[in-house]
Amino acid sequence: MANFLPPPGTSDIYPEEISSWYCLEDAARKIFPLYGFGELRTPIFEYTEIFKHGIGSETEIVQKEMYSFEDRGGRSLTLRPEGTAGIIRSLAGTDVIAGNEKRVFYIGPMFRGERPAAGRRRQFHQVGVENTGRTAPELDAECISMLLHYLEELKITGSRLLLNTRASREDRGAAEGILREHFAKNVERMCEDCRRRIGTNVWRILDCKRHECLEFINSAPDMIEHFGKESRNYFDRVCSCLSDIGVEYHIEPRLVRGLDYYAHTVFEVIHEGLGAQNAIAGGGRYEIFLPETKKPVIGIGFAAGMERLLMARNSLHISDSQPASPAVYLIGLGKDAIKANMPLAMALRKENISAIAEPEEKSLKASLRYANKIFAKFAVIRGEEELKKGTVICKKMSDGTQEEIPVDKLSSYLKQPSIK
Ligand code: HAM
C-alpha cells in the first residue's frame, strides 16, 4: 500500500488545527511591535557557511543536524536550523554593523536532523526576535520580559525562567582553564564527543545529555565566580533590571545553550506540562561572525518552539481548534437551481459569509447528510418552485428548524444575531 505519511519528524497541519497556529502568530504580531519590533522574512535556506560561522562548527547542530545540499552551481546550501544566523546575514547588508539598533521578529519553519521524539521534530517552527547592534543589560532584561509578555498573552502559565551568563569572550579565559582541568581528570570515563570537546570547546560539555558525562557536569565548579569582573557586573545588572520589572528568574549555572555565538546573558524557559523536551523558548546575547568579516554583529534575542508552545497550551487545556466548516451549504434540486447557486455562493462570500455550493444533482437526503458531515451551520435549499418565487429554504442544521425567505434577504437573515 502507498505510504502517504510525511517524512519522519515532520507533520501536516490540517485546517482544523490551523486556528491554534494563527493564535501564536497573532499574539507575536500584537506583542512584539509594542516593543518596536517589525517582522522580517528571510529565505528558509542560506549558504552553509552562514550557519557554520554563525552557530559554531563545534555545535551538535552544525556537526550532526544540518540538512545541507549542493545547488546546480556546486555551492553548499543548508535548510535553516535556526533563525538568528540568517537574520544577521540579512541585517548585515544594512547599517547594523555600524552600531545602529535593529529590532526584528520572525515566524517560520526550521530544520534539524534530530532523532524524532515528542516535542523534537525535524521540521519545526519558531517564533523569534532579534535586537541587534547595541549592548546594554537593560536590553537583555527587556528582551526576556517581552518573551514572558508573549507567553502571558498566550495564557501559558506554569513556566520557569532559567538564567545564566557565559561572560564575554575576553572574560571567560580563567573559567575555561578551570573547567578543562576538571573534565581532564575524568576524560576516560566521558563520551567520545566530550573527550574531543575538552580540546576544542570545553563549554559544549556542559550541554551534553549523555548519562556517563552527567556526573562530571554536575560536579563542575561554579563558573560565574571565575569570570572577569566586567562580565559579572553586566550579569548583576541584568538580574537587577529583571527584578525591577518584577520578573522571577532562577540562576542555572550549568546553562550554556547549544549554540556557540552566545556571550553574556543566556536564558531558557521550561514548562512543566512538557516531557523530556521541556524548553519552550531559549535565547541570549550573542556575537555572530559572518564569513569574511572580522567584527561580529552583536545582539540579543530568543526563539520559542511553536509546537512546544501548543503542547504547553494543550497541557493547560487551552484550545483554539475550530472545524473549518462553512456557514452555508447550498443545495440545488435540479440543474437550474444548481446553476443559480454558484452566483449566490459568490454573493454570500462577498458579504463575509462562508459558503459551499453543491455542484452535482443529488437527493435532498444525501445532500443534508453531507451538510452534517462538513458541519455546515445552514443548508440553503431551492428547487424549481423556489427559483420561480425567488425564495430559498434555510434550514438550521443544529435543530432542523427551517424558514422560507426571499433570496435577496438571505445574507441579512444569516447575519441576524438571533439566527446564530
Ligand atoms: P534553540 O534553543 O536551539 O535556540 O531553539 C529555540 C526553541 O526552539 C527551543 O527552546 C525549542 O522550543 C524549539 N526547538 C528547537 N529544536 C527543536 C526541535 N527539533 N523540535 C521542536 N522544537 C525545537 C535557537 O534556535 C536560537 N536561534 C534562539 C536565539 C535567538 N538566540 C538568540 N536569538
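Computed from a prediction, not measured in an experiment: that's the story for all the values here. Order of listing sets the numbers, starting from 1, for every ligand and every atom in it. All heavy atoms count here, side chains included; hydrogens, waters and symmetry mates do not.
- Distances below 4.0 Å separate heavy atoms of Glu130 from the following atoms of ligand 1: 30 (C), 32 (C), 33 (N).
- For ligand 1, the atoms sitting less than 4.0 Å from at least one non-hydrogen atom of Glu114 are 16 (N), 18 (C), 19 (N), numbered in the order shown with element in parentheses.
- Here the heavy atom of the protein found nearest to atom 7 (C) of ligand 1 is Ala303 O, 3.6 Å.
- Checked against a 3.5 angstrom limit, the closest N/O atoms of Glu268 and ligand 1 fall outside it.
- In the displayed structure, Glu181 atom CD is contacted under 6.0 Å by at most 12 heavy atoms of other residues, nucleotides or ligands.
- Scanning the protein for heavy atoms near atom 3 (O) of ligand 1, the closest one is Arg112 NH2, 2.9 Å.
- A salt bridge links Lys30 with Glu153: the distance from a Lys NZ or Arg NE/NH1/NH2 to an Asp or Glu carboxylate oxygen falls below 4.0 Å.
- Under a 3.5 Å cut-off, the side chain of Gln63 and the backbone N or O of Glu60 do not form any donor-acceptor pair.
- Side-chain contact between Tyr47 and Leu77 is present, with heavy atoms from C-beta onward closer than 4.5 Å.
- At least one side-chain heavy atom of Ile280 sits under 4.5 Å from a side-chain heavy atom of Leu274.
- The ligand atoms of ligand 1 that sit less than 4.0 angstrom from a heavy atom of Gly282 are 10 (O), 28 (C), 29 (C).
- The heavy atom nearest to atom 4 (O) of ligand 1, considering only Glu82, Met311, Arg257, His125, is found in Arg257.
- From the protein, the heavy atom lying nearest to atom 13 (C) of ligand 1 is Gly305 CA, 3.6 Å.
- Of all protein heavy atoms, the one lying nearest to atom 5 (O) of ligand 1 is Gln126 NE2, 3.2 Å.
- The side-chain heavy atoms of Val256 and Val266, taken from C-beta on, include no pair separated by under 4.5 Å.
- With distances taken over non-hydrogen atoms, the option nearest atom 26 (C) of ligand 1 out of Phe267, Tyr286, Tyr261 is Tyr261.
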